[in-house]
Amino acid sequence: MDNTFAQDVLKGLTSNSKYLSSKYFYDDIGSRIFQEIMEMPEYYLTNAEFEILSLQSKQIVEALQFSTPFNIVELGAGDGFKTFKLLEYLVNQKIEFNYIPIDISQEAIDVLSDRLTKRLPGIVVKPKVGDYFEILKQNRQSDYPSLLLFLGGNIGNYNTEKAIELLELFHSNMKLGDKLLIGFDIKKNPVIIHNAYYDPHGITKRFNLNLLLRINRELGADFKIDDFDFYCHYNPLNGEVRSYLVSLRIQTVHIKSLDKHIHFDQNEIIWTELSKKYGLDEIVSLSKRTNFTFINHFLDCKHYFTDTLWEKSQNNK
C-alpha cells in the first residue's frame with residue numbers, strides 16, 4: 001500500500017468539504033483512459049499543442065540558443081504523442097540531445113521508450129519513473145544545459161499559490177541558462193471549454209470514477225461507482241474549470257486499510273480537479289513572479305493554447 005496515497009485519501013475524504021487530489025488519476029488504468037480523452041474531438045488541447053510542436057519546432061529550438069548538446073527533461077511525459085514532433089525535428093537536424101521522460105506510470109514510460117527507439121533510431125532516451133519533484137533535483141548535477149518540458153496545460157491543475165510553489169521548485173532545480181517550455185490553456189469561448197470537459201461520451205466521467213475504483217483496489221474500499229455521478233463547470237471570470245463526483249444517495253463507504261467509515265449525504269460532492277485557463281498577460285506576470293525571464297509565446301492558429309518559453313537567466317533572483 002502506498003502510504004502517501006492512503007494518507008492523502010484519508011485527509012481529503014474527512015475534510016469538511018471533501019476532495020481527492022487529481023494527481024492520483026494517473027495510475028496505469030487512468031493513464032489509458034486519459035489517452036481516450038485526448039482523442040475526443042471536443043478535447044481541443046491535444047490537437048492545439050500538437051499543431052504548435054509540429055509546425056514551430058524549428059522556431060522553438062532556435063529560441064533555446066543552446067550551443068552544446070543538451071537535455072530535454074519532460075515532466076509527466078505520458079505517451080509522448082505531442083513531444084514526438086519536437087524530438088523528430090531534433091533527430092532529423094542531427095542536433096545532439098538526451099531525452100529524459102519522467103512519468104509516475106511505468107506502463108506509460110515503457111510504451112513511450114519502446115515507441116521512440118523504434119521510430120527514431122539513434123535517439124538517446126533516459127527514462128525515469130516516479131515523482132518528478134524528486135527526480136528533478138538530479139537535473140542540477142548534469143553538465144549539459146536543459147530544456148524542461150511541462151506540457152499539456154498541466155500547470156492549470158494547480159491553484160495560484162501551488163502553481164507558484166511548483167514553478168519556484170522548477171527554478172531552484174535549474175541552472176542559469178536552462179529553459180522551461182510550459183503549456184497553458186488560454187481563455188476562450190466558454191462553450192468550447194465546457195464541451196471539452198463535460199464530454200458527451202462519458203469518458204471524463206469514467207476517468208473520475210476510476211479514482212474511486214483505484215481506492216477500492218489499493219485501499220480495500222467499497223465504493224459503488226453507480227452511486228456517484230460526475231459534474232463540472234467553467235467560470236469564465238477566473239478561468240477555472242472545477243470537476244466533482246456527486247454522491248447520488250446517503251451512503252457510508254468503508255476503507256478497510258484505513259479502518260475508516262466515510263459518510264456521504266445525498267448530493268454531497270467530492271472535488272477532484274482544477275483546470276485553470278490563463279490570459280497571455282497572466283502568463284507573463286506569472287513568469288516574473290517566479291523569477292523567470294519570459295522569452296516567447298508559441299500559439300496554435302486558433303489561439304486556443306500556447307507553449308511558452310521561459311529562461312532562468314542572470315537577471316533572476
Side-chain angles (χ1 to χ4, degrees), residues 1-38 40 42-43 104-105 153-154 156-163 190-191 193-277:
M1 183 183 73
D2 183 336
N3 188 58
T4 303
F5 177 49
Q7 292 306 311
D8 286 350
V9 168
L10 178 63
K11 182 179 178 182
L13 293 183
T14 56
S15 295
N16 289 333
S17 298
K18 293 182 175 67
Y19 68 90
L20 290 168
S21 172
S22 61
K23 71 180 180 181
Y24 293 118
F25 280 146
Y26 300 95
D27 62 349
D28 287 342
I29 295 173
S31 294
R32 287 196 292 269
I33 298 172
F34 190 66
Q35 301 307 316
E36 294 182 53
I37 290 174
M38 291 195 298
M40 296 188 316
E42 297 85 0
Y43 194 77
I104 59 173
S105 169
N154 290 330
N157 296 142
Y158 299 82
N159 64 32
T160 300
E161 179 183 334
K162 292 293 184 181
V191 174
I193 294 172
H194 174 83
N195 291 341
Y197 287 86
Y198 212 1
D199 73 272
H201 318 286
I203 301 172
T204 311
K205 176 179 178 178
R206 185 155 47 90
F207 182 58
N208 277 257
L209 289 172
N210 179 64
L211 185 47
L212 301 186
L213 292 175
R214 180 179 181 181
I215 297 171
N216 285 355
R217 289 191 300 267
E218 298 185 21
L219 304 182
D222 58 1
F223 279 102
K224 296 178 178 62
I225 61 169
D226 288 344
D227 290 338
F228 288 85
D229 203 352
F230 169 72
Y231 172 72
C232 73
H233 71 90
Y234 173 58
N235 181 345
L237 299 178
N238 62 14
E240 291 183 356
V241 175
R242 289 181 176 253
S243 299
Y244 306 90
L245 289 167
V246 185
S247 176
L248 296 176
R249 65 180 181 87
I250 297 172
Q251 57 184 307
T252 299
V253 174
H254 181 224
I255 305 179
K256 187 176 180 181
S257 67
L258 298 173
D259 191 26
K260 191 75 176 177
H261 289 84
I262 307 295
H263 176 77
F264 291 89
D265 290 328
Q266 186 173 13
N267 300 320
E268 186 173 2
I269 59 175
I270 309 170
W271 178 31
T272 56
E273 187 174 27
L274 166 69
S275 184
K276 178 175 167 51
K277 314 308 172 188

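Scope of the values below: all heavy atoms of this structure, side chains included, with no hydrogens, waters or symmetry mates.
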**Asked** With a distance cut-off below 6.0 Å to the six-membered ring centre and an angular limit of 45° from the axis, does Lys277 pair with Tyr234 as a cation-pi contact?
**Response** no
**Item:** Proximity of Tyr244 and Tyr19 rings by center, below 6.0 Å
**Value:** no
**Prompt:** Would you say Glu36 and Arg206 make side-chain contact, with heavy atoms under 4.5 Å?
**Reply:**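 Yes, side chains in contact.
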**Message:** With a 4.5 Å cut-off on side-chain heavy atoms, are Leu209 and Phe230 touching?
**Reply:**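 Not in contact.
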**Message:** Has Asn159 got a side-chain atom pairing as donor or acceptor with Lys162's backbone, closer than 3.5 angstrom?
**Reply:** yes
**Asked** Looking only at atom types and distance, does a side-chain atom of Asn157 sit under 3.5 Å from a main-chain N or O of Leu274, one as donor and one as acceptor?
**Response**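 Indeed, once roles are kept as given, a pair shorter than 3.5 Å links the two residues.
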**Message:** I need the minimum non-hydrogen distance between Thr252 and His263, along with the two atoms involved.
**Reply:**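 Looking at all heavy atoms of both residues, the closest pair is OG1-ND1, 3.6 Å.
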**Request:** List the atom of Phe264, the atom of Ser247, and the distance in Å for their closest heavy-atom pair.
**Result:** CB-OG, 3.6 Å
**Request:** Compute whether any side-chain donor of one residue and acceptor of the other, for Asn208 and Thr272, lie under 3.5 angstrom apart.
**Result:** yes
**Message:** Please enumerate all residues that pass salt bridge (charged side-chain N to carboxylate O under 4.0 Å, His left out) together with Glu273, with sequence neighbours excluded.
**Reply:** none
**Request:** Under the salt bridge (charged side-chain N to carboxylate O under 4.0 Å, His left out) rule, collect the residues that match up with Asp28, sequence neighbours excluded.
**Result:** none
**Asked** Would the number of heavy atoms belonging to other residues, nucleotides or ligands and lying under 6.0 Å from CG of Asp259 be above 12?
**Response** no
**Message:** Other residues, nucleotides and ligands only: do more than 12 of their heavy atoms fall within 6.0 Å of NZ on Lys260?
**Reply:** no
**Asked** Going by the angle between their ring planes, with limits at 30° and 60°, are His261 and His254 parallel, tilted or perpendicular?
**Response** parallel
**side chain to side chain donor-acceptor pair (under 3.5 Å) partner of Lys205, chosen from Asp229, Asp199, Asn210** =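 For Lys205, the side chain to side chain donor-acceptor pair (under 3.5 Å) test succeeds with only one of Asp229, Asp199, Asn210, which is Asp229.
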**Item:** Sequence-distant partners of Leu211, side chain to side chain contact (heavy atoms under 4.5 Å, CB included), two or more places apart
**Value:**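 Leu211 satisfies side chain to side chain contact (heavy atoms under 4.5 Å, CB included) with Leu20, Tyr24, Phe25 only.
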